[in-house]
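Sequence lines set the chain letters: A, B, ... in the order given, protein chains first and strands last, and positions in each chain run from 1.
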Amino acid sequence: MEENIKPRHFIQRIIDEDNISGKFENRIHTRFPPEPNGYLHIGHAKAICLNFSIANEFGGKCNLRFDDTNPIAEEEEYVQSIQTDVKWLGYDWEDRLYFASDYFQQLYDYAVDLIKNEKAYVCDLTADEIRNMRGNLKEAGKESPYRNRSIDENMVLFTQMKNGDFSDGSHTLRAKIDMAHPNMNMRDPVIYRILHAHHHRTGDDWCIYPMYDWAHGLEDSIEGVTHSLCSLEFEDHRPIYDWYLDALGVYHPQQIEFARLNLSYTIMSKRLLKLLVDEDHVSGWDDPRMPTLSGLRRRGYTPEAIRTFMDEIGIAKRNNVMEMTKLESTLKGDLNKRCERRMAVLNPLKVIITNYREGEDELLDAINNPEDETAGKRQVPFGRELYIEQNDFMEDPPRKFFRLGPGREVRLRYAYFITCNEVIKDDDGNVIELKCTYDPKTKGGTSPDGRKVKGTIHWVSSKHAIGAEVRLYDRLFRVPNPASKENFIDALNPDSLTVLKDCKLEPELESAKIGIPVQFERLGYFCKDPDSKETLIFNRTVPLRDSWAKIEKQLQSGQKN
RNA sequence: UGGGGCGUCGUCUAACGGUAGGACACCUGGUUUUGGUCCAGGCAGUCGGGGUUCGAGUCCCUGCGCCCCAGCCA
């Protein structure tokens, strides 16, 4: 009976132990520290869910902190979108919205402390010179000729740096550590660089900006963070994180690294995603094909599905690439329970019920959600002229095809059994209309004589149908790991978007709401796009499992039936 | 080959010296007014070699493989 105990991942265990030892007085405080240089993607969601859920689980707090130390890349638009996305995911930082830029003075003062302790110096080397003197993976670096300036000289120069007396790149403030250190990050790393750039929050107040390593640990320290969770590539930075905090003798949080999320057939890099946006390969950061949270939201993903997914994939240290099917499976599990069902025909084929009273209609009961009785029923109009899906009819169907064909009888969902009597074609031989008869005794879809039909298909009354555009999405890239390609643009899937302009929806869909996904029966989950104006636009969030497609594929590739 | 990490079914992830389990994917079958959902079953894994131990995915030794680091990015 212990099957439902969820194993604790390594970070939870570390915290468990810290709570036993009293390392942080049993206080738990995390933070999500995005740089506002792009929109958040599903990889960030893993970090968001981890940090907030850890805080939640242990009765602690989680801050939202913008790591805005590089004015060149950062923009206000991004700080807004990031807040929108974190809230949408369902998390609340309460009154703890922070910015690294709010600490610029404090960070500067700490740097002065470091200079006074002879642990930092102003270096006049250029970027190229610093690089050349850093050595490489096998050879030690050389010390800067400016390394042993006096405290006074360093103070004067650093003040001049701050005051704007120097040009970009002419000087840096560097930590005096060890140019022969096997960890490259410890070879006198840069603490401050000169950037005469306008900052989105501090304007032109500063022309020197702190580097990530200097800023991040101190931000954590200032905010009283206990466990600073970050991704694996920062493992090499932990010694410098620790060194700065120890050199200053300030409160010292613990950095812990975990493996970030990767998803197959997409990219998880803000830089590359921005390129897709800037070069118009997608319609924007919120293009429904993008792995961004805004894109997934527009596509119809729910925050619940994303949170469940993050909970299911676990936290570990090994590099991973999750299959997209896992995300979609979690999504469909959520959508199946919550979505109301509707009928919609994407590729219409006209059907005339020849024995149905001309000019008459009737309303038929349809269940809104078989997974949720409280969702109730609705009425769907039926008439003499209908649309069905083109691929629900085959003129010469294989044995395993259960749908409509000449002389075959199928059930129209929630309506009647119909039999196809005549196939009308255009001059090119395309099927453009079917003439069928219905059995009035099968109203609702059951036959009083116990007669069975193998297929049930969806339909829409042509007289009552609403026209709509439907956008179908496929994976954005053709290859499992596009980021590894020399040019990832070449790996874009040219068929990632299919627009269907002549779709027919049941009238109930007129009142569909943006942000509330719905199931189109037998087709998939869809949601109304914000682009909708006079004409409705629906995005396909994810298709339903399609067993027939599999059978069809087998028939085509292998033995024919 | 300097340093830091990581190797468990196809993909993720458990197992904390004691029967290698779960999820997704895939394959069977059942139920079904969605070829959906659901249910039942199946396939499939400890990187290699030594050692310690009654017993090793787990501990030790030794190979091998993969990822990260030489931004005045984060």
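Rounded to the nearest Å, the gap between the P atom of B/rG48 and that of B/rG10 is 13 Å. B/rC60 and B/rG5 have their P atoms separated by 15 Å, with the value rounded to a whole Å. To the nearest whole angstrom, the two C1' atoms, one in B/rC64 and one in B/rA44, are 24 Å apart. Comparing the C1' positions of B/rU58 and B/rA14 gives an interatomic distance of 13 Å, to the nearest angstrom. Rounded to whole Å, the separation between the P atoms of B/rG22 and B/rG41 comes to 11 Å. For the C1' atom pair drawn from B/rC6 and B/rG57, the interatomic distance equals 15 Å after rounding to whole Å. Look at the C1' atom in both B/rG4 and B/rC12: the space between them is 24 Å, to the nearest Å. One P atom belongs to B/rA23, the other to B/rC66, and the distance between them is 32 Å to the nearest Å.
Summarising the geometry, atom SG belonging to A/Cys436 is positioned 5.5 Å from atom CD1 belonging to A/Ile353; distances are rounded to the nearest 0.5 Å.
Comparing A/Lys326 and A/Ser547 by the nucleotide of RNA chain B whose heavy atom lies nearest to each, the residue mapping closer to the 5' end is A/Lys326. Heavy-atom nearest nucleotides on RNA chain B were determined for A/Met184 and for A/Arg411, and the one closer to the 5' end corresponds to A/Arg411.
Rounded to whole angstrom, the span from the CG atom of A/Asp236 across to the C1' atom of B/rC67 amounts to 11 Å. Separating the NZ atom of A/Lys553 from the C1' atom of B/rA25 is a distance of 13 Å, rounded to the nearest angstrom.
Pairing each heavy atom of A/Met310 with each of A/Cys49, the nearest pair is CG-SG, 3.8 Å. Heavy atoms only, all atoms of each residue included: A/Tyr78 and A/Ala73 are closest at CE1-O, 4.3 Å.
Residue A/Tyr212 and nucleotide B/rA74 are not classified as a stacked aromatic pair, given the requirement of ring centres less than 5.5 Å apart at an interplanar angle below 30°.
With its glycosidic angle within 90° of 0, B/rG71 adopts the syn conformation.
In this structure, A/Leu137 reaches the bases: a heavy-atom distance under 4.0 Å links it to at least one base atom across the strands shown. Within the nucleic acid shown, A/Asn336 comes within 4.0 Å of at least one base atom, counting heavy atoms only. Counting any heavy atom pair closer than 4.0 Å across all strands shown, A/Ile457 reaches no nucleic acid atom. Using a 4.0 Å heavy-atom criterion, one finds that A/Arg403 contacts the bases of the nucleic acid, with or without backbone contacts as well.
For B/rC64, the paired nucleotide is B/rG7, the pair qualifying as Watson-Crick or G-U wobble because both relevant distances are below 3.5 Å. When both pairing distances are held under 3.5 Å, B/rA15 makes no Watson-Crick or G-U pair with any nucleotide shown.
Checking A/Arg341, A/Arg338, A/Gln519 one by one against A/Glu371, the side chain to side chain contact (heavy atoms under 4.5 Å, CB included) holds for a single residue, A/Arg341.
Checked by distance alone, A/Glu312 brings no side-chain donor or acceptor within 3.5 Å of a matching partner on the base of B/rU13.
Applying the 4.0 Å criterion to OP1 and OP2 of B/rA74, one finds that A/Thr69 has a side-chain N or O inside that range. Under 4.0 angstrom from either OP1 or OP2 of B/rG71 there lies at least one side-chain N or O belonging to A/Arg131.
Between A/Lys441 and A/Asp449 no salt bridge is recorded (no basic side-chain N to carboxylate O distance below 4.0 Å). Remark: A/Glu219 does not engage A/Arg31 in a salt bridge, criterion side-chain N to carboxylate O under 4.0 Å.
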